[in-house]
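Following: one structure in structure tokens, then a few remarks.
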Amino acid sequence: VKDAYFEFDEGQDTIIKATGATGEAAAELTKNMGNVARRINGDFSTIGSAIGEVNTRFGFTGEELENATEQFLKFSEITGVDATGAVQSISKAMYNAGIDTSKYSELLDEIAVAAQASGISADKLADNLTKYGTQTRAAGLNTKESIALFAQFEKSGVNAEAALGGLKTAIKSWSDEGKNSR
């Protein structure tokens with residue numbers, strides 16, 4: 001019982017560090033952590049860290065926070081990536097692409113499927129969306145198409161940085177010539 005208390009307390013401390021919440025807000029986030037812990041297998045520290053990051057990055061609270069945290073924890077288990085890191089990289093990719101936060105679940109699914117099909121890590125896919133999203137959008141690709149492109153690059157052994165550097169140059173040339181980049 002003593003160990004469980006200390007583990008729970010560690011999870012609570014993690015939430016407070018991640019969010020800066022105090023008083024009633026901290027109590028509500030702690031309650032959310034307990035609710036998630038009853039529904040998903042994981043330690044309080046991991047759950048608390050994910051809760052804190054989802055709350056901070058997406059602004060979710062209550063049931064929406066719990067559902068999103070559960071999905072990120074499941075995504076983490078399926079893809080082998082750190083849950084808190086996944087929240088960070090996915091949120092960056094979404095903000096970079098102008099994707100509404102309510103669409104996080106669809107993006108998690110798309111990245112998980114592409115990662116499993118191609119062997120590229122889910123972290124790298126999300127990072128590529130952030131790093132090269134401007135170039136792929138300029139080429140007329142949507143997020144799903146960009147994910148597929150990065151996955152295909154990985155399967156084919158293509159260096160994404162080199163290929164997209166060339167794409168950037170080509171888009172500028174096409175644009176100068178009045179051509180549609182897509």
Side-chain angles (χ1 to χ4, degrees), residues 4 6-22 25-133 136 142-151 154 160:
F6 286 122
E7 186 181 319
F8 184 84
D9 189 54
E10 184 179 333
Q12 185 177 29
D13 291 346
T14 303
I15 290 172
I16 292 167
K17 286 177 192 171
T19 63
T22 59
E28 185 63 28
L29 291 170
T30 300
K31 178 182 163 198
N32 296 136
M33 178 183 67
N35 290 342
V36 171
R38 281 193 277 292
R39 296 190 300 254
I40 196 159
N41 189 21
D43 62 84
F44 285 109
S45 182
T46 300
I47 295 169
S49 181
I51 286 258
E53 204 63 36
V54 170
N55 175 260
T56 299
R57 298 224 176 222
F58 291 93
F60 295 163
T61 58
E63 192 174 324
E64 185 177 36
L65 172 62
E66 292 173 16
N67 291 337
T69 301
E70 284 183 50
Q71 287 193 30
F72 274 101
L73 289 165
K74 288 175 184 175
F75 175 81
S76 170
E77 187 177 326
I78 290 167
T79 62
V81 302
D82 172 70
T84 302
V87 175
Q88 293 166 348
S89 62
I90 296 294
S91 67
K92 286 178 189 176
M94 291 179 72
Y95 289 122
N96 180 276
I99 299 171
D100 187 84
T101 57
S102 67
K103 304 288 186 193
Y104 73 89
S105 183
E106 294 167 27
L107 188 58
L108 289 176
D109 290 345
E110 290 170 9
I111 288 176
V113 168
Q116 290 173 336
S118 67
I120 189 173
S121 75
D123 286 349
K124 190 171 182 181
L125 270 175
D127 290 344
N128 281 350
L129 280 175
T130 301
K131 192 172 183 179
Y132 305 116
T136 58
N142 64 33
T143 302
K144 189 173 189 169
E145 292 166 331
S146 295
I147 291 169
L149 178 67
F150 299 136
E154 180 70 18

Student check: side-chain heavy atoms of [X] and [Y] closer than 4.5 Å:
| X | Y | answer |
| --- | --- | --- |
| Asp43 | Glu7 | yes |
| Leu129 | Ile111 | yes |
| Thr30 | Phe8 | yes |
| Phe150 | Thr136 | yes |
| Val81 | Phe75 | yes |
| Ile147 | Lys144 | no |

Can you give me the closest heavy-atom contact between [X] and [Y], atom names plus distance?
| X | Y | value |
| --- | --- | --- |
| Ala21 | Ile16 | O-CG2, 3.7 Å |
| Ala114 | Leu125 | CB-CD1, 3.7 Å |
| Ser49 | Thr84 | OG-OG1, 2.5 Å |
| Ala122 | Ala115 | N-CB, 4.0 Å |
| Ala83 | Ser76 | N-OG, 3.4 Å |
| Thr143 | Ala97 | OG1-CB, 4.1 Å |

Short question: side chain of Glu28, backbone of Ala25 - any donor-acceptor pair under 3.5 Å?
no
Quiz: residues 56-73 side-chain donor-acceptor pairs under 3.5 angstrom, not counting sequence neighbours:
| residue | atom | partner | partner atom | Å |
| --- | --- | --- | --- | --- |
| Thr56 | OG1 | Ala18 | O | 3.2 |
| Thr56 | OG1 | Gly52 | O | 2.8 |
| Arg57 | NE | Glu53 | OE2 | 2.7 |
| Glu66 | OE1 | Arg39 | NH1 | 3.4 |
| Glu66 | OE1 | Arg39 | NH2 | 3.0 |
| Glu66 | OE2 | Asn32 | ND2 | 2.7 |
| Glu66 | OE2 | Asn35 | ND2 | 2.8 |
| Asn67 | ND2 | Glu63 | O | 3.4 |
| Thr69 | OG1 | Leu65 | O | 2.8 |
| Glu70 | OE2 | Arg39 | NE | 2.5 |
| Glu70 | OE2 | Arg39 | NH2 | 2.6 |
| Gln71 | OE1 | Ser105 | OG | 2.6 |

Of all residues at least two apart in sequence or in a different chain, which pass the salt bridge (charged side-chain N to carboxylate O under 4.0 Å, His left out) check with Glu154?
Lys124
Between Tyr95 and Thr101, is the side chain to side chain contact (heavy atoms under 4.5 Å, CB included) condition met? List the steps.
CA-CA 8 Å; Tyr95 289 122; Thr101 57; 3.6 Å; yes
Can you confirm whether Asn41 is buried at CG, in the sense that more than 12 heavy atoms of other residues, nucleotides or ligands lie under 6.0 Å from that atom?
no
Rounded at 0.5 Å granularity, tell me how far CE in Met33 sits from OG1 in Thr46.
11.0 Å
